[in-house]
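Contents: one structure, followed by commentary.
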Amino acid sequence: MLDLKFIRENIDLVRQNIVNKNEKANVDNILVLDEKRRVNIQTAQELKNQKNIVSREIAELKKSRQNADDKILAMKEVSDKIKLLDEELSQIEKEILDIQIFIPNMLHNSVPIGKTSEDNLVVRSWGEPKPKIDIDHIEIAKQFGVIDFDRAAKISGSGFAVYTGLGAKLERALINFFLDFNTGISGYKEVMTPFMVNRESMIGTGQIPKLEEDMYKIENDNFYLIPTAEVPITNLHSNEILRPDDLPVKYCGYSPCFRREAGSYGKDTKGLLRVHQFNKVEMVKYSTQENSYEELEGLVCDVEKLLQALKLHYRVILLCSGDTSFSSAKTYDLEVWSPAEQKWLEVSSCSNFEAFQARRANIRYRPTHDSKPEFVHTLNGSGLATPRIMVAILENYYKGDKIEIPEVLQKYTNFDFINKI
RNA sequence: GGAGGAUUAGUCUAAUUGGUAAGGCAGCGGUCUUGAAAACCGCCGGCUGCAAAGCCUUGGGGGUUCGAGUCCCUCAUCCUCCGCCA
């Protein structure tokens with residue numbers, strides 16, 4: 001969410017930013033409502049001041065057992081007026097919020113302006129592409145008995161996977177490797193959170209209201225299944241004021257991720273490429289305002305270390321304005337090469353949300369002991385999501401009659417190759 | 001699911017049984033000191049504002065009242081007990 005004062009003073013920039021992001025928010029009424037709001041607050045405050053003064057007088061009169069009937073009568077009227085104004089105000093503020101909550105975050109000025117993924121910038125790449133193979137991960141998975149898509153469809157539906165045998169062990173090894181690496185060398189604190197959250201949390205990180213259609217909801221109890229651990233981890237410190245010495249706070253946590261993928265039917269539907277439930281280790285940072293872009297670069301490096309350890313050919317992409325998500329100010333995507341599909345697969349998305357989420361979730365810090373609280377900057381990145389990494393491993397480590405296990409994973413799997421069944 | 005109790009600022013703890021949140025600790029700044037401690041002075045919930053000042057704040061939301069930390073309703077969380085279940 002953007003600061004109302006910022007919107008007021010930079011309405012043209014806000015409008016241009018909406019266009020740049022390919023969004024469709026309507027901000028026309030917000031300035032009128034804001035003006036009404038400020039007039040209302042001023043009037044109400046004057047009346048409240050009067051009420052407070054006279055109420056003290058009434059208290060004095062009552063203590064000395066004098067009559068205060070006329071003052072009480074007058075205050076009854078003032079109270080009614082205040083009540084009316086307050087009701088108006090909450091209505092106005094609700095209308096403002098309804099607009100404000102659909103306004104996307106401002107882009108950082110280093111983000112290239114562009115419409116589609118065609119306009120994204122390749123920042124760097126690492127490793128070399130493996131030669132093309134004529135078998136895709138679905139067929140490999142079948143031949144080696146590591147994933148059972150048919151039975152997953154039977155018990156749940158399309159867009160799910162059952163990992164079986166050594167495949168399940170490999171999946172578990174990936175999760176453990178990511179967690180150990182991030183909490184070790186990279187210095188993140190591990191958390192394991194609930195996988196269902198309340199509506200406030202979903203609003204806090206910006207999934208709701210804009211992406212509401214893509215979320216799974218538990219109707220009976222008003223919970224949402226998390227689409228990423230970003231939601232519970234970023235909201236961990238909602239309504240708190242953090243100590244500046246503690247920043248940057250760095251968390252990482254595993255969770256399954258649940259996504260309806262409404263509106264993406266027919267796109268990347270093959271096998272593991274787009275599923276309704278997948279495993280991911282997420283990294284979240286809370287930073288001071290000054291350091292957040294430095295922290296973003298560091299976050300990308302932390303993710304790159306994982307891919308390098310797995311010896312997977314990857315590239316780092318800076319998303320253009322039109323491809324940058326609603327809540328983000330700047331996003332880098334990391335993509336691994338698929339020798340079967342002959343294309344890049346997104347495995348991580350690292351974003352700086354600046355104060356956008358912090359303002360929604362009310363997460364602040366006091367820069368110095370005598371200063372007012374400021375909103376922290378929040379960042380997050382996948383480190384990493386497993387399905388496409390699994391695809392990349394099956395394809396890149398495919399040796400015809402066996403699949404090798406990347407060296408760093410072997411101490412987790414306790415086997416160093418998988419044979420055909 | 002049922003019964004009872006609790007929730008006050010970072011933390012602890014008060015507030016005439018309805019009269020407008022008092023203090024302790026921790027923390028920060030200062031005086032003093034070679035340095036530190038102690039002692040003393042000041043700051044120490046939030047919002048608007050350059051400031052003066054004003055407004056808001058007792059877990060959240062409503063209600064009664066001229067006036068609510070205090071009375072009523074409701075929700076959340078925690079504790080104790082009962083029931084049910086992994």
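A note on names: the letters A, B, ... follow the listed sequences, proteins ahead of strands, and every chain is numbered from 1.
As a whole-Å value, the separation of A:Gln45 CD from B:rG46 C1' is 13 Å. Taking atom CG of residue A:Leu61 and atom C1' of nucleotide B:rG18, one finds them 17 Å apart after rounding to whole Å. Remark: C1' of B:rU65 and CG of A:Asp80 are 12 Å apart, rounded to the nearest angstrom. If you measure from atom CD of A:Glu46 to atom P of B:rC56, you get 13 Å, rounded to the nearest angstrom. Computed from coordinates, the A:Gln50 CD to B:rC55 C1' distance equals 14 Å when rounded to whole Å. One can place CG of A:Asn40 at 13 Å from C1' of B:rC55, the figure rounded to the nearest angstrom. Look at NZ on A:Lys71: it is 19 Å from C1' on B:rU65, rounded to the nearest Å. The distance from atom CG of A:Asp3 to atom C1' of B:rC47 is 12 Å, rounded to the nearest whole Å.
To the nearest whole angstrom, the two P atoms, one in B:rA26 and one in B:rG19, are 32 Å apart. Taking the P atoms as reference points, B:rA9 lies 11 Å from B:rG45, given to the whole Å. With P as the reference atom, B:rC71 and B:rU7 are 11 Å apart, rounded to whole Å. Spacing of C1' atoms, B:rU74 relative to B:rG24, comes out at 35 Å, to the nearest Å. B:rC32 and B:rC40 have their C1' atoms separated by 9 Å, with the value rounded to a whole Å. Taking the C1' atoms as reference points, B:rG5 lies 43 Å from B:rA53, given to the whole Å. For the C1' atoms, the distance linking B:rA21 with B:rA14 amounts to 10 Å, nearest Å. B:rU57 and B:rU8 have their C1' atoms separated by 11 Å, with the value rounded to a whole Å.
With B:rC55, B:rG49, B:rC66 as the candidates, the nucleotide lying closest to the side chain of A:Met75 is B:rC66. When each of B:rG54, B:rC66, B:rG45 is scored by its nearest atom to the side-chain atoms of A:Arg366, the top-ranked nucleotide is B:rG45. If you check B:rG63, B:rC66, B:rG45 against the side chain of A:Lys83, the one that comes closest is B:rG63. Minimum atom distance to the side chain of A:Pro373 is reached by B:rG46, of the listed B:rC66, B:rG46, B:rG63. Relative to the side chain of A:Lys5, the nucleotides B:rG49, B:rG19, B:rC56 differ in distance, and B:rG49 lies closest.
In this structure, A:Ile241 and A:Glu60 both approach RNA chain B, and ranking their closest nucleotides by distance from the 5' end singles out A:Glu60. Comparing A:Lys51 and A:Arg56 against RNA chain B, the residue whose closest nucleotide sits nearer the 5' end is A:Arg56.
Taking 4.0 angstrom as the limit, A:Asn49 places a side-chain polar atom (N or O) nearer than this to OP1 or OP2 of B:rC55. Within the 4.0 Å cut-off from OP1 or OP2 of B:rC66, not a single side-chain nitrogen or oxygen of A:Lys81 is found. Residue A:Asn52 places at least one side-chain N or O under 4.0 Å from the OP1 or OP2 atom of B:rC55.
Between the side chains of A:Asn279 and A:Glu171, at least one donor N or O lies within less than 3.5 Å of an accepting N or O. Looking at A:Glu335 and A:Tyr314, their side chains never bring a donor and an acceptor atom within 3.5 Å of each other. With no hydrogens or angles considered, a side-chain donor-acceptor pair links A:Glu139 and A:Gln143 at under 3.5 Å. Checking A:Ser117 against A:Asn120 by side-chain atom types alone, no donor-acceptor pair falls below 3.5 Å. In the model, A:Glu395 has a side-chain atom that pairs as donor or acceptor with a side-chain atom of A:Ser338 under 3.5 Å.
Backbone-only contact: A:Arg364 has heavy atoms under 4.0 Å from sugar-phosphate atoms and none from a base. A:Asp69 comes within 4.0 angstrom of nothing in the nucleic acid, heavy atoms only. Contacts of A:Ser79 with the nucleic acid, taken as non-hydrogen atoms under 4.0 Å apart, involve only primed sugar atoms and P, OP1 or OP2.
Paired runs in RNA chain B that reach 3 or more consecutive Watson-Crick or G-U pairs, where each pair keeps both distances under 3.5 Å, cover B:1-7 with B:76-82, B:10-12 with B:23-25, B:27-31 with B:39-43, B:45-48 with B:53-56, B:59-63 with B:71-75.
When every heavy atom of A:Phe278 is checked against every heavy atom of A:Pro387, the shortest pair comes out as CB-CG, 3.2 Å.
Taking the six-membered ring for Trp, A:Tyr293 and A:His108 have ring centres closer than 6.0 Å. You'll find the ring centres of A:His377 and A:Tyr365 outside the 6.0 Å limit.
By the salt bridge (Lys or Arg N to Asp or Glu O under 4.0 Å) test, A:Glu190 pairs with no residue at all, sequence neighbours left out.
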